[in-house]
Amino acid sequence: MGGYNAAIRAAQLGIQVTVIEQDQLGGTCLNRGCIPSKVFSHAAQQVASVADFQSFGICVGTPAVDFAQLISYKDQIIQRLRSGVENLCQANKVEIIRGRANFINDNRIGVELGHRFELFDFNQAIIATGSTAVMPSTIGENDRILVGHTVYELNEVPEELIVYGSDAYALEVACSFHKLGSAVSMVLDNKDFSFDHTINRELRRVLKKDKIKVYRGYQLEKVSSDSNYVHSGITEE
């Protein structure tokens, strides 16, 4: 998302700006990362809040998650925000080129446009390529083995989910899917979460209360899967 913000601001300052985008405007954050994760965490929060209704004398049944509707809602939010980005670019006269760019020299880039290849000269360039998850060599390719952005592309809530990691992103995935109905286990690659010790203490309390199993200080050595299960090999530090 930093790329289009920089482009719009530069255009507002009077610079002629061209954005070269090989995928979707908004990058990983808007399309596959931050925004989908916030939709899921908000939905999970709403499901969890139903348990408090009875305290106010509001009688409701056990909440059920329509996962297909949640995915549809997530896609609508992403599309609306992406359209907003496109409209902002157009309003600020930012040119958008769909293609893959490579630097030729200090002031020229080449852009792959399908079957065509074009050259563009520039005075200044901002590199805002975002991030791409890299799967370790010990982990095989399989649709049961997910990375941070593909977990929000599932078409159903998994019965069981193992989350490997100790950062905020791993915690958000674990807590969201737990409240949506998955039996979640967390495997931390450190002895504790990567936050202040006061926050970590509160996290331990909350996770224990929610019955999310946490295995601390393990390294993921190998992951494989069959038609029914994912098998993980972990070693304790």
Side-chain angles (χ1 to χ4, degrees), residues 1-43 67-137 139 141-143 145-155 163 165 167-173 176-177:
M1 295 178 73
Y4 81 80
N5 277 287
I8 291 170
R9 183 57 182 152
Q12 291 171 344
L13 293 173
I15 300 173
Q16 183 179 347
V17 181
T18 298
V19 171
I20 300 171
E21 175 59 67
Q22 69 172 355
D23 192 7
Q24 298 285 358
L25 283 177
T28 299
C29 184
L30 192 157
N31 294 284
R32 296 183 296 278
C34 304
I35 299 304
S37 72
K38 295 303 179 285
V39 171
F40 271 66
S41 61
H42 180 68
F67 201 69
Q69 178 59 34
L70 176 58
I71 294 297
S72 176
Y73 176 73
K74 177 205 70 172
D75 292 341
Q76 290 173 31
I77 294 295
I78 291 171
Q79 181 58 50
R80 188 168 73 225
L81 292 175
R82 190 191 300 143
S83 296
V85 172
E86 293 176 352
N87 292 336
L88 281 172
C89 288
Q90 291 174 4
N92 288 278
K93 299 181 180 179
V94 174
E95 180 184 18
I96 300 173
I97 295 176
R98 306 285 182 173
R100 181 182 178 88
N102 293 283
F103 283 89
I104 305 299
N105 54 39
D106 291 347
N107 59 0
R108 176 172 289 186
I109 58 171
V111 181
E112 299 175 22
L113 304 166
H115 299 294
R116 296 184 294 115
F117 186 81
E118 294 188 10
L119 297 175
F120 295 85
D121 294 328
F122 62 88
N123 294 321
Q124 295 92 24
I126 296 175
I127 302 174
T129 55
S131 62
T132 302
V134 177
M135 194 73 75
S137 59
I139 301 177
E141 295 291 336
N142 191 284
D143 58 5
I145 302 170
L146 310 168
V147 292
H149 62 269
T150 57
V151 70
Y152 296 111
E153 297 173 358
L154 290 170
N155 54 22
V163 179
D167 60 6
Y169 206 89
L171 188 64
E172 191 170 44
V173 170
S176 295
F177 276 88

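FYI, the numbering just counts along the sequence from 1. Since the structure is predicted, the reported quantities are computational estimates derived from the model, not experimental observations.
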What distance separates L70 CG from H42 NE2, expressed to the nearest 0.5 Å? 10.5 Å
In terms of heavy-atom contacts, V94 and A7 come closest through CG2-O, 3.9 Å
Side chain N31, main chain I78, donor-acceptor under 3.5 Å: no
For I104 and G110, work out which heavy atoms get closest and say how close. CG1-N, 3.5 Å
Shortest non-hydrogen separation from I35 to I77 and the atoms involved: CG2-CG2, 4.0 Å
Non-neighbouring partners of D167 that pass side-chain hydrogen bond (donor to acceptor under 3.5 Å, both in side chains), sequence neighbours left out: none
Atom pair NZ (K74) and CD (Q79), whose distance is rounded to the nearest 0.5 Å: 12.5 Å
Looking at A11 and N92, what are the two nearest heavy atoms and their distance? CB-O, 3.4 Å
The criterion is side-chain hydrogen bond (donor to acceptor under 3.5 Å, both in side chains); which residues satisfy it with K38, sequence neighbours excluded? E172
Tell me, yes or no, whether the heavy-atom count around Q12 atom CD, taken from other residues, nucleotides or ligands under 6.0 Å, exceeds 12. yes
Applying side-chain hydrogen bond (donor to acceptor under 3.5 Å, both in side chains) to D121 and not counting sequence neighbours gives R108
So which heavy atom on A128 is nearest to which on G3, and how close? CB-CA, 3.5 Å
I want to check something: taking the side chain as every heavy atom from C-beta on, are I71 and N155 in contact at a cut-off of under 4.5 Å? no
Can you tell me how far the CD atom of Q22 sits from the CD1 atom of I97, to the nearest 0.5 Å? 14.0 Å
Using side-chain heavy atoms (C-beta onward) and a distance below 4.5 Å, is S37 in contact with V173? no
Could you give all pairs that pass the ring pair (Phe, Tyr, Trp, His ring centres under 6.0 Å) test and reach residues 67-106, with sequence neighbours left out? F40-F67, F103-F122
Considering residues at least two apart in sequence or located in another chain, which fulfil the side-chain hydrogen bond (donor to acceptor under 3.5 Å, both in side chains) criterion with T18? E95
Value rounded to 0.5 Å, distance of CG in L146 from CG in L154: 5.0 Å
Please indicate whether I127 has more than 12 foreign heavy atoms, meaning atoms of other residues, nucleotides or ligands, lying under 6.0 Å from its CD1. no
Check the orientation of Y152 and F177. Use parallel for under 30°, tilted for 30 to 60°, and perpendicular for over 60°. tilted
Residues D23, R100: salt bridge by 4.0 Å N-O rule: no
Do side-chain atoms of N105 reach the backbone of N107 as a donor and acceptor pair under 3.5 angstrom? yes
Quick one: pull up CD in E86 and SG in C89 and give me the separation to the nearest 0.5 Å. 8.0 Å
Side-chain contact, heavy-atom cut-off 4.5 Å: L30 with L25? no
Listed once per pair and sorted, the ring pair (Phe, Tyr, Trp, His ring centres under 6.0 Å) pairs that draw on residues 75-99, sequence neighbours left out: none
Is there side-chain contact between K93 and V17, with heavy atoms separated by less than 4.5 Å? no
Which pair of heavy atoms, one from L113 and one from R98, lies closest together, and at what distance? CD2-O, 3.1 Å
To the closest 0.5 Å, what do you measure between CD (Q90) and CD1 (I8)? 11.0 Å
